[in-house]
Structures are given as structure tokens and as C-alpha cells.
2 protein chains.
Amino acid sequence: MTGSIPAGYDPYAYEPFAVTVDLAVFTVRAGQLHVLLIRRAQEPHRGAWALPGGFVLPRESAERAARRELAEETGLPARLVGELHLEQLRTYSEPDRDPRMRVVSIAFTALVPDLPEPSEQGGGDADRARWVPVERTGELAFDHGRILADARTRIGAKLEYTCLATAFCPPEFTLGELQAVYETVWDTVLDRPNFRRKVLATPGFVEAVPGAARLTGGRGKPAALYRAGPATALHPPLLRPEGHRR
Amino acid sequence: MTGSIPAGYDPYAYEPFAVTVDLAVFTVRAGQLHVLLIRRAQEPHRGAWALPGGFVLPRESAERAARRELAEETGLPARLVGELHLEQLRTYSEPDRDPRMRVVSIAFTALVPDLPEPSEQGGGDADRARWVPVERTGELAFDHGRILADARTRIGAKLEYTCLATAFCPPEFTLGELQAVYETVWDTVLDRPNFRRKVLATPGFVEAVPGAARLTGGRGKPAALYRAGPATALHPPLLRPEGHRR
DNA sequence: CGCCTTTATGGTCGCACTGACTATAAATGG
DNA sequence: CCATTTATAGTCAGTGCGACCATAAAGGCG
């Protein structure tokens, strides 16, 4: 609530809470879902891989803190960080999730296209951010393994009933690339003609770029290019097939 | 992330954060969606209506705090509070949402059946909790109006693809009562035979109580009784009609 | 140059689900 | 007994989708 204060409540009387943000930033690269990780330079969990994030400052909202930390800790371009669609995942508040003190962490999820210049262009510090295939992140620091698992579940579900898949694609993309996003995140194989029919039948999902086409790595017929449309929701949803995994 | 601590970080050096929980608890009563509110006894917003909630204690998770505050502040039976399905909505962290200090609030949503003895059986304090139709909550304290709006949006969406609607019903209910839940939350009218067909065709959504029936207020054919089944998700979803509102 | 491979794109067919609607059963109140 | 009310059963057409098949347009290679 922010409800009734216990009689005689004094903000400084209790053990203070720290509030942090953690970010699960995904991209699709080479047919695999990757997540942005950093290597911890300090204790605790020094040397372990962790999600980027950090403390919320006294006059900052959680979302502002998330963008600031993302810019500071990773090599992502400032423009991208500023325009990124951040979605709150959930807040992790178990009392002992951080050994130092009571830390409540607000987790966010974001999707970015595969960057032409990877994050290696980085922030300049020795331990810079790395894209890691989600299947090959070993143990992560704190409860970040759980956060990452929750984030994967969430984005898989969101692809079903939103247009977010285009966030994984560059500004102009082919339907084959868009389909690869779905297939990678869901780890399935989709029928190409059916996928095409469904996407084009949803008004505002994608818009054709007139006359544009891109050669598909040299082989095959060039594919038409599309841009993300104004729609955000998918009606009816694009349901993930249940049976056959890739 | 719970990431790298700024050099020389001292938990007590910053203005401390307080962490609270707020609860949007809904029920369906007399064909209207109601939310559980309390009247604030202290400043700020003294006398204003607010969502129940309160401070998270130093060794408590947010969910435990939510259950404790709900039991303390409202007249809900202890058993119900203990078994309630609490879902995290999102966390509100704007710096000035509470005039006293920096308060970050984790909001939860819960659904309960219409209680035979309303909340008036209450906690014993003068200002006890009240069920208020969601259309008639005026201005609420803090940013609770926004939280309530977000919670309504969420439960409307969740009815589409989960079996949560049964949480609004008593242990045994008729399909007419279940349909009324959907119609109330969505503010629509549904076709009864079609609703029935859809619900019964979803395995594990509801289970018939053998031989049981309830007279429907005297008039009409008695309706068969059902219990909530083991399923939690709805495949395929029960989509809300777009056009005709009630 | 002709043929094969590869990828994009266009179309068909049948099934399952849904919305709109009609019909019957079982209770109550006059 | 009949009208009314509510639950339950069934029908029928349209639609979306999965599983296919067919054609178009590029490059590689003999």
C-alpha cells in the first residue's frame, strides 16, 4: 500500500533495503538465442557471470536506473539504450538473495536486433559485456539463473500474442528472418507458407518496403523487405506448436 | 543486477529506500467487479481510500509481507489469506510516489470468491476493509488508482488464457456462475451454449460434481454443479469478443 | 547454355473451432 | 395446465490453420 506507518515508524530505524535493477537483454544471433552477460569484477561472486544491472539511485525510477546501468556496463550504443523497449519482468525479494545485505531487485527484459558490431565494441573496461548463448550460460551469480529462466519463459509467451518479434530484427527485414526469430526463441520449426500467410493477414504487424528486396546470401530468390508496423498486439494470437521440437 | 557496488558503497550512506507491498484483491458480487479497499487512518492521505498493504519487514519476502498485511488490515478469513493465489503485478518506483520518503512498492493481484459473510466481519478496528465496486472507487491515495487500473487490465487478459476465473467462484459452482464472472470482468454478454461447449471441451478446466445440482433462485431448471479442475492454462484461449459491450 | 539447387512466394484441401441460432428439458408461479 | 425462466442439446456456416503441392527467381556448375 504505502499504507499506514507502524506507530513511531522511523525510516532509519530498520535495517535499510537496497533496491537494484537486473536486465535480461536478448538477441538472436546465428540461429541461437543469446543473452547479454557481464563478468563480475567484485565480490561477492567475483569472476562469475551475471546479468547487467545495479543500484537504483535515490532520485531515479527503476527504468531510468536500468537504462543507466545498461549504458554503463555494456557496450550497447547509447541511442539503442535510450530507445529500447524495456519491460518489467518481476521483482525478486527473498531475504537472502544477496549475502551482503537486504537487496530487492526489479528485473527487466529487453529485445535487441543482432548488432552489426557486437558488444565487443564495448565500454572500454577490461571486463566488458558478452553475448552468450542461453544454453551455454553456466551458473550465474545470485539468483540470476532463475531470473534468466523466468525471462525466457516470458518472451516465449509474448511472441504468441504481441508483435515484439520485430524488436529482434533490424529496421528492414525479410519474412524469413522474422520466422527465424520465432523458430529460435521457441526452438521449433514453422511452415514457411503458413507463417507468411499469418503474418501478412495481421493488419499492422509488418509493412512492405516498396520495391526493396535482399539477396539471401547469394542463393535463391531475393526476399522482399518489410518494416515493423504500428500494431502491438496479435489478434488472433500466433500459437506455438506443441509437438515437434526442432 | 545486484551488481558491482560503487566503490566505497555503504548501505547506510544513502537515503534509505522503504519497500512496501500493495494488494488489488478482487471479487465478483451482484454482477459487479469489486475491489477490497481500506480507509487510511494516518497521514498522508488520511481518510482517503487505498489498497491494502504495508511495509516489508527486514526478514520477510514480499509475498509473505503481502499475506501478513492482508490478514492484519482486512477482515478476510485467515485460511483464505493463507491459501490465496497471489500474483505479482509490477513494481512502482517513481521517486515521488510517496511524499514521506522514497518508497518502492511491489503490487500483487488476487481473486477471491464472493464471501458469504462479507468483509464487514472485519478485523475489529474502526476503519475496516470494504468491498467497493471498481466503477465507484473515487480518487485513491498515492498512485493506487494507477495500480488498480493496471490490475484490472491484467485480470481481464488472464481470464482469456488461464483458468483463473474459477478463483472467483465458491468451491462448487454452476456454469452460469462461471459465465457471469467472465461477463462481469469483461463487461460483455456471452452466448450461453457456446460458453458451455468451450468450457467443457477444455480438459481439466472444470469437473462435474456427480449428481449435484442447485436450484437457480427458484426459477428454471436446476443447474449442475462443477468444481475447479487441475488445469491452469487454457488451450486454445477463450478470447474476449471485441464488439458488443453489455 | 541448360540443369540443378536453393529460397521465396502463391495456392489448395480438409479439419477444428467458433459464432449465431434453434430446440428440448426441467423447474416455478399463476 | 400454462406461461415463464433457466439449463442443456444440437445444427450450420464461416474462418483460421496445419499439411501439402506448385511456381518463380536467383546462383552454381557441368
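In the text below, chain A, chain B and the rest are named by the order of the sequence lines, each starting its count at 1. The figures here come from the full heavy-atom set of this structure, side chains too, leaving out hydrogens, waters and symmetry mates. Owing to the predicted nature of the structure, the values given are computational and were not obtained by experimental measurement.
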Report the distance from atom [atom1] of [X] to atom [atom2] of [N], rounded to the nearest whole Å.
X: B:Arg240; N: C:dT18; atom1: CZ; atom2: C1'; result: 18 Å
X: A:His235; N: C:dT18; atom1: NE2; atom2: P; result: 15 Å
X: A:Leu239; N: D:dG18; atom1: CG; atom2: P; result: 8 Å
X: B:Phe195; N: D:dA7; atom1: CZ; atom2: C1'; result: 14 Å

Can you name the side chain to side chain contact (heavy atoms under 4.5 Å, CB included) partners of [X], sequence neighbours left out?
X: A:Asp191; value: A:Pro193, A:Asn194
X: A:Arg192; value: A:Gln179
X: B:Arg68; value: B:Leu57, B:Glu60, B:Ala65, B:Glu72
X: A:Arg136; value: A:Gln32, A:Pro133

Legend entry - Side-chain N,O (B:Lys198) to OP1/OP2 (C:dT18) below 4.0 Å: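 Answer yes for this pair, as a side-chain N or O of B:Lys198 is under 4.0 Å from OP1 or OP2.
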Name the atoms and distances for all side-chain donor-acceptor pairs under 3.5 Å in residues 226-238 of chain A, with sequence neighbours left out.
{"residue": "A:Arg227", "atom": "NH1", "partner": "A:Glu172", "partner atom": "OE2", "Å": "3.0"}

Between protein and nucleic acid, restricted to nucleotides 9-16 of chain C and to nitrogen or oxygen atoms under 3.5 Å apart, what atom pairs and distances do you find?
{"residue": "C:dT9", "atom": "OP1", "partner": "A:Ala224", "partner atom": "N", "Å": "2.9"}
{"residue": "C:dT9", "atom": "OP2", "partner": "A:Arg196", "partner atom": "NH1", "Å": "2.9"}
{"residue": "C:dT9", "atom": "O5'", "partner": "A:Arg196", "partner atom": "NH2", "Å": "3.1"}
{"residue": "C:dG10", "atom": "OP2", "partner": "A:Arg196", "partner atom": "NH2", "Å": "3.3"}

Legend entry - Cation-pi, B:Phe195 ring and B:Arg197 (6.0 angstrom, 45 degrees):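 Cation-pi check for B:Arg197 and B:Phe195: fails.
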